[in-house]
Structures are given as C-alpha cells and as structure tokens.
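Please read the structure below before turning to the comments.
Positions are given from 1 along the sequence.
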Amino acid sequence: MSLTLDTYRLLGRSGLRVSPLALGAATFGTEWGWGAEQDEARELFDLYVERGGNFIDTASTYTNGSSERLLGEFTRDNRESLVLATKYSTLRRPGDPNSGGNHRKTLFASVETSLRQLNTDYIDLLYLHLWDFTTPVEEILRGMDDLVRQGKVLYVAISNVPAWQVSRMQAIADLRGWSPLVALQIEHNLIERTGERDLIPMAREMGLGVTSWSPLAGGVLTGKYSRDDLTAANAAFDDGTRKSVTIANGVLTERNLAIVDVVKEVATELGRTPAQVGLAWTLQNPGVTAPIIGARTPAQLEDNLGALEVDFTASQLARLDEASAIELGFPHDMLARDTTRALTRGDLKIEPRR
C-alpha cells in the first residue's frame, strides 16, 4: 500500500508522530567535500516539508556545524511543526578529549552548541551518537533526564550501541523513573542486515522506534557502481568524494553487487529505480519506523520519495530477502529448529538412555 510523507508513524513508545522517511541533513553544507550548497540545501528542505515531511535528522558536528546552522535558518518560520533530531558524542574540538564522548560534560556542552546552531530553545529528539565504552550508563541516563526536565530536550534516543547495552539502559531508566529511550538509530539496508539478529527485535520489545541510516548502503544500492569499481579498493579516503568513503568502508564487494543485481531486476519489473526498490524494502520491516534518506540534490530526493509508492509482490520480496539473507547465528538458528521448538512445546518424546 502506498505511503506519503504525512502518513505519520508513532516513534517507539512515545506519542510523537513522524514521517515514514526522515530527511538526513548530513549533506547540508560543503565542508566535507560532497554536500549541498546553501541554496540547494534549501531546495531539499522545502521539497521535503512541502510534501508533508516533518522528521529531520542531523548532528552537532555534521559538516562542521553547517548542517545545524542551515537548519536553524530554514526552520525559522515552521519550527513547531517539525521534529528536529540531533546527536552528541563526536569530537567538537580536535585536541580536547572532553569535547567528545558520552559523558555529562560533553552532553551538556554539545546540546548548548546545537541549540545555538539550530536557533531554537529545545531539541525534539536527542541521540547519543556513538558508544565510547567508557562512560557509566547511569551518568548518561541521568544527564539525558536532566535535560528533559529542563525542557531543552523533549525525547532521548541512542545510536550505534550494542543491543545488550541499550536494553540494560532502558531497564535502568524504567526502574528509576528517568526518561526512556524512544528511538534507536542503526545501519540497516539490504546489504547490512545484521541488526535483524538482536538490535531490531530488542528495539521492538523495549519500545524503541528504529531509524535506519544509510538505507542505500552508501549509494551502492542505487546501482551506480559496477564490478569495475572493485579494482579501486585502494582509493584514498580523503579525496573529497563519497565514492572513496564507500570504498574505504568496504561496502563494494562481489556479494553486495550480486544483491544489487537482484535489486535492478526487481526495479525493471516494477518500472522503478534501484534506489526506490532499496528504500521501499526497508519500509517493509515492521520494526523500522523511518529510514533516513541522505539526498544531495533535489532530483535525488524526488527519486527517493518515490519509494513510498512502491508495492512489491510476495515473490519480489522473497527474491530480495533470499539474495541478501544472513545467518542469524546462535542462539537464533538453534531456537528456530523444529526439534528445539518441539522441546519447548512438550510434544517431543525423548526416550531415556539405556
């Protein structure tokens, strides 16, 4: 069934309504070498909002702060109707170890920076961006709860953290009456499905809405790369292109291009683009609230929004799932066996040893 940007969904256990596709603003600004200039970024923002979109994702350090500053300018007239999500954790000042991490000092300083850059007095959704394996979880949760009580943040969330830590934190927040986590941001797409082992089921069980980053796997699922690009594996990471980032991250592999082949086949059958098929597949997962699209041009954004209208047949979904399937591993595969299920149901008779 076709969706629209104003087919709003509830975010996790909250009552917050968000669009089924979030607009990623990491492309707002050119400081990283491949983003959109101010005028083009404004076009992206206006196109998304005019279609009914209300969910925008950024971070305090995206494009060295330009992403938030541009959003602060763009949202002057409609701030109340938008859900602005930002993040803290990444280093804001090179050489200053306390300008990054998950601890209370950087949390409060980063939020104050975001409030100034976004030209607002509150943040709708604040994510912990990257796990630092150092800060006690009680320090993080109490700091987040203090910001909510101060009215500077409305909802708190988490990103790029092991499932067991997230579930532990949610349990602590519930037991202590602190603000619960309402969203989990992870990488999830046809190429990267390992979040389906524990992260997505955990999020559904614990009341976190999943927002997936890189739903097109760094552009690989658009079909713009070929097997000739596999020979460019030694490209420099800092040559100013997103292609070099994709190659450096190891996303261009024979397995992944074989998945793209199936995406292209399905796209041809549907009269759609590979990007639309890749995005539409993520929307089929009941555990995913909103994939985050990172278009750089209005034409790319128009194409991405077309994913909302894609309607797969059961056979097409099965082919996509088969091509991209992963092993869930222990204990999931063991628990899925008929013999194991029979044991828990009590209908498997076991003869005593003689």
Next item on the list: Return the minimal non-hydrogen interatomic distance between Gly52 and Ser19, and the atom names on each side.
Entry: O-OG, 3.6 Å
Does a donor on one side chain and an acceptor on the other come within less than 3.5 Å for [X] and [Y]?
X	Y	result
Glu187	Ser212	no
Ser110	Thr113	no
Asp6	Thr4	yes
Glu68	Ser114	yes
His332	Asp198	yes
Thr135	Asp132	yes
Tyr127	Ser89	no
Glu196	Thr194	no
Gln165	Arg168	yes

Margin query: Salt bridge check, Arg197 against Glu327: does any charged N sit closer than 4.0 Å to a carboxylate O?
Written below: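 Salt bridge: no.
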Note to self: Under a 4.0 Å threshold between the charged nitrogen and the carboxylate oxygen, would Arg42 count as salt-bridged to Glu73?
What the structure shows: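 Here Glu73 does not pair with Arg42 in a salt bridge, since their nearest N and O are not under 4.0 Å apart.
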Notebook entry, point to check: Taking Thr7 for the side chain and Leu3 for the main chain, is one N or O donor matched with an acceptor at less than 3.5 Å?
Noted result: no
Checklist line | Pair Glu269-Arg319, side-chain contact (heavy atoms from CB on, under 4.5 Å): steps then yes or no | finding: CA-CA 13 Å; Glu269 294 168 11; Arg319 284 157 54 199; 2.8 Å; yes
Next item on the list: Could you check whether the rings of Phe45 and Phe74 sit parallel, tilted or perpendicular, using 30° and 60° as the cut-offs?
Entry: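 Ring orientation of Phe45 relative to Phe74: tilted.
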I want to check something: taking the side chain as every heavy atom from C-beta on, are [X] and [Y] in contact at a cut-off of under 4.5 Å?
X	Y	answer
Glu265	Thr268	no
Ile123	Leu84	no
Met202	Glu205	no

Item checked: Tyr122 six-ring face occupied by Arg79 cation (under 6.0 Å, within 45°) -> yes
Check: Apart from Phe330 itself, what residues make up its hydrophobic cluster when side-chain heavy atoms of I, L, V, M, F, W and Y under 4.5 Å apart count as a link, directly or indirectly?
Finding: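 Besides Phe330, the hydrophobic cluster comprises Met334, Leu335, listed by chain and residue number.
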For residues 280-287, dump all side-chain donor-acceptor pairs below 3.5 Å to protein atoms at least two apart in sequence or in another chain.
| unit_1 | atom_1 | unit_2 | atom_2 | d |
| --- | --- | --- | --- | --- |
| Trp281 | NE1 | Asp321 | OD1 | 2.9 |
| Thr282 | OG1 | Leu279 | O | 2.6 |
| Asn285 | OD1 | Gly287 | N | 2.8 |

Next item on the list: Not counting sequence neighbours, which residues clear side chain to side chain contact (heavy atoms under 4.5 Å, CB included) with Val83? List them please.
Entry: Leu16, Val18, Asn54, Phe55, Asp124
